[in-house]
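Below you'll find the structure, written out as structure tokens, and then a few comments.
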Amino acid sequence: MRPRVHPAVLTGLALVHAGPAATWLPAVRRVLPGLAGVGDPGHVALTFDDGPDAHSTPLFLSALRRLGCHATFFVLGEMLERHPQLGHRIVAEGHEMAVHGWGHGNALVSRPGRVTREIGRTVELVGAVTGVRPAWYRPPYGVLSAEALVAARLRGLRPVLWTAWGRDWTGSASPASVLATMAPGLRGGATLLLHDTDRTSAPGSWRSALGALPELVDRCRSMGLRVGPLRDHDVGRAVTGSPRDPGMPERAGRARRPRRHFEITFFPDPSFRDSER
């Protein structure tokens with residue numbers, strides 16, 4: 001007879017693998033501004049996911065060169081393995097390369113250990129292709145499981161999501177819709193999410209992001225904001241109310257309060273794939 005496992009034990013094992021994982025939800029990103037990518041109030045971080053794609057990424061690189069700004073590219077290992085020369089070009093042209101995983105799987109439905117292996121494999125490939133060790137990790141769909149969090153930190157990666165996005169992966173997206181969707185979140189300290197490929201999106205959807213890019217950068221600059229990669233964004237340091245830098249001295253006469261700990265577990269509805277990236 002097989003021994004029975006108490007439901008509480010099964011629940012605990014699931015929590016170890018999955019939580020915290022509701023990070024893709026807007027409300028959770030507001031509670032955790034550093035994780036969302038809130039940074040320097042005089043700067044906007046421009047980021048792209050899912051490449052590099054030999055068909056579309058060069059067009060984004062050319063557009064960025066014309067605009068005179070740099071960005072952070074969160075690459076998929078399987079895409080970088082196919083197009084290493086393009087990955088080398090991204091870094092050679094002054095952009096930053098970061099880790100988005102090997103494929104584009106949901107960490108909550110991956111077997112334990114798979115996310116760890118894929119993060120490590122992608123980190124090693126980025127280093128081999130570019131000669132630069134990546135600093136950032138953005139989980140697919142914004143779902144940051146406990147395993148992914150631990151694996152990223154062990155590899156020296158800082159998890160970061162986004163504060164504004166343009167729904168540029170949908171079949172109905174257009175440059176105008178991307179700009180309209182991003183407009184409410186277009187402010188100093190924002191981290192913007194776009195896609196330089198349709199690898200996990202509707203065919204040709206990347207054209208909406210590419211078409212919106214010049215106006216997006218112009219709007220930021222007209223607000224007096226600099227546009228650039230996450231490495232220049234000072235993530236978390238300028239957030240009002242965020243935890244103080246451990247290296248800063250205590251204020252005289254005030255005791256240091258213990259930091260709050262958030263433990264968030266989320267078991268998603270299958271339809272959430274299309275609600276956020």
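- Here CD1 of Ile90 is found 6.0 Å from OG1 of Thr57. Values are rounded to the nearest 0.5 Å.
- In the hydrophobic clustering of ILVMFWY residues, with side-chain heavy atoms under 4.5 Å counting as a link, Val123 and Leu76 come out apart.
- Within the 3.5 Å criterion, the main-chain N or O of Leu46 finds no donor-acceptor partner in the side chain of His233.
- Annotation: the span from Thr197 atom OG1 to Asp53 atom CG amounts to 3.5 Å, rounded to 0.5 Å.
- For the pair Ser62 (side chain) and Leu59 (backbone), a donor-acceptor distance under 3.5 Å is absent.
- In the hydrophobic clustering of this structure, Tyr137 groups with Leu193; members are Ile, Leu, Val, Met, Phe, Trp, Tyr whose side-chain heavy atoms approach within less than 4.5 Å, directly or through other members.
- The backbone N or O of Ala173 lies less than 3.5 Å from no partner atom in the side chain of Ser177, so there is not a single donor-acceptor pair.
- Put simply, the side chain of Leu230 reaches to within 4.5 Å of the side chain of Glu96, judged on heavy atoms.
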Listing, residues 217-225 side-chain donor-acceptor contacts under 3.5 Å, not counting sequence neighbours, or none:
from   : atom 1 : to     : atom 2 : distance (Å)
Arg219 : NE     : Glu215 : OE2    : 3.1
Arg221 : NH1    : Leu67  : O      : 2.8
Arg221 : NH2    : Leu67  : O      : 2.9
Arg221 : NH2    : Gly68  : O      : 3.4
Ser222 : OG     : Asp218 : O      : 3.4
Ser222 : OG     : Arg219 : O      : 2.7

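- When only modelled atom types and interatomic distance are considered, Thr163 and Arg187 share no side-chain donor-acceptor pair under 3.5 Å.
- Looking at every heavy atom in both residues, Leu213 comes nearest to Ala63 through CD2-CB, 4.1 Å.
- Across all their heavy atoms, Leu192 and Leu186 have their closest contact at CD1-CD1, 3.8 Å.
- At least one side-chain heavy atom of Pro159 sits under 4.5 Å from a side-chain heavy atom of Leu35.
- Side-chain contact of His95 with His70: a donor-acceptor pair under 3.5 Å is absent, judged by distance alone.
- Considering all non-hydrogen atoms of both residues, Trp136 and Ala98 come closest at O-CB, 3.6 Å.
- Looking at Leu61 and Phe73, their side chains come closer than 4.5 Å, going by heavy atoms from C-beta outward.
- In this structure, Pro140 and Gly103 approach most closely via the heavy-atom pair CG-O, 4.4 Å.
- For the pair Thr191 and Thr47, the minimum side-chain heavy-atom distance is below 4.5 Å.
- Proximity of Met97 to Pro52: side-chain heavy atoms (C-beta onward) are nowhere separated by under 4.5 Å.
- Cluster membership for Val99 and Val150, using ILVMFWY side-chain heavy atoms within less than 4.5 angstrom, is not shared.
- Expressed to the nearest 0.5 Å, how far CE of Met182 lies from CH2 of Trp165 amounts to 10.0 Å.
- Side chains of Leu194 and Leu216 form a contact here, defined as non-hydrogen atoms less than 4.5 Å apart.
- Side chains of Ser205 and Asp198: no donor on one and acceptor on the other come within 3.5 Å.
- Remark: Glu93 CD to His88 NE2 distance equals 10.0 Å, nearest 0.5 Å.
- The closest side-chain donor-acceptor pair between His100 and Asp50 falls under 3.5 angstrom.
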**Prompt:** Could you go step by step and tell me if Arg155 and Glu124 meet the salt bridge (Lys or Arg N to Asp or Glu O under 4.0 Å) rule?
**Reply:** CA-CA 10 Å; Arg155 287 285 183 165; Glu124 291 171 4; 3.2 Å; yes
**Derivation and outcome, side-chain hydrogen bond (donor to acceptor under 3.5 Å, both in side chains), residues Asp196 and Ser56** = CA-CA 6 Å; Asp196 60 307; Ser56 53; 5.6 Å; no
**Message:** Determine whether Leu80 and Thr122 satisfy the following criterion, side-chain contact (heavy atoms from CB on, under 4.5 Å), listing intermediate values before the conclusion.
**Reply:** CA-CA 9 Å; Leu80 183 60; Thr122 307; 5.8 Å; no
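- Between Phe48 and Phe60, the distance from one ring center to the other falls under 6.0 angstrom.
- We find that Glu78 and Arg121 are not joined by a salt bridge, their nearest charged nitrogen and carboxylate oxygen being 4.0 Å or further apart.
- Side-chain atoms of Thr170 come within 3.5 Å of backbone atoms of Arg167 as a donor-acceptor pair (strictly under, hydrogens ignored).
- A donor-acceptor pair shorter than 3.5 Å can be found between the side chains of His195 and Asp168.
- Linking ILVMFWY residues whenever their side-chain heavy atoms come closer than 4.5 Å, directly or via other members, leaves Leu210 and Met79 in distinct clusters.
- Every ring-ring contact (aromatic ring centres under 6.0 Å, His included) that Trp206 has, sequence neighbours left out, goes to His55.
- The shortest distance between side-chain heavy atoms of Arg138 and Trp162 falls below 4.5 Å.
- What you find for Val115 and Glu147 is that their closest heavy atoms are N-OE2, 3.4 Å.
- When all heavy atoms of Ile119 and Leu157 are compared, the closest pair comes out as CG2-CD1, 3.9 Å.
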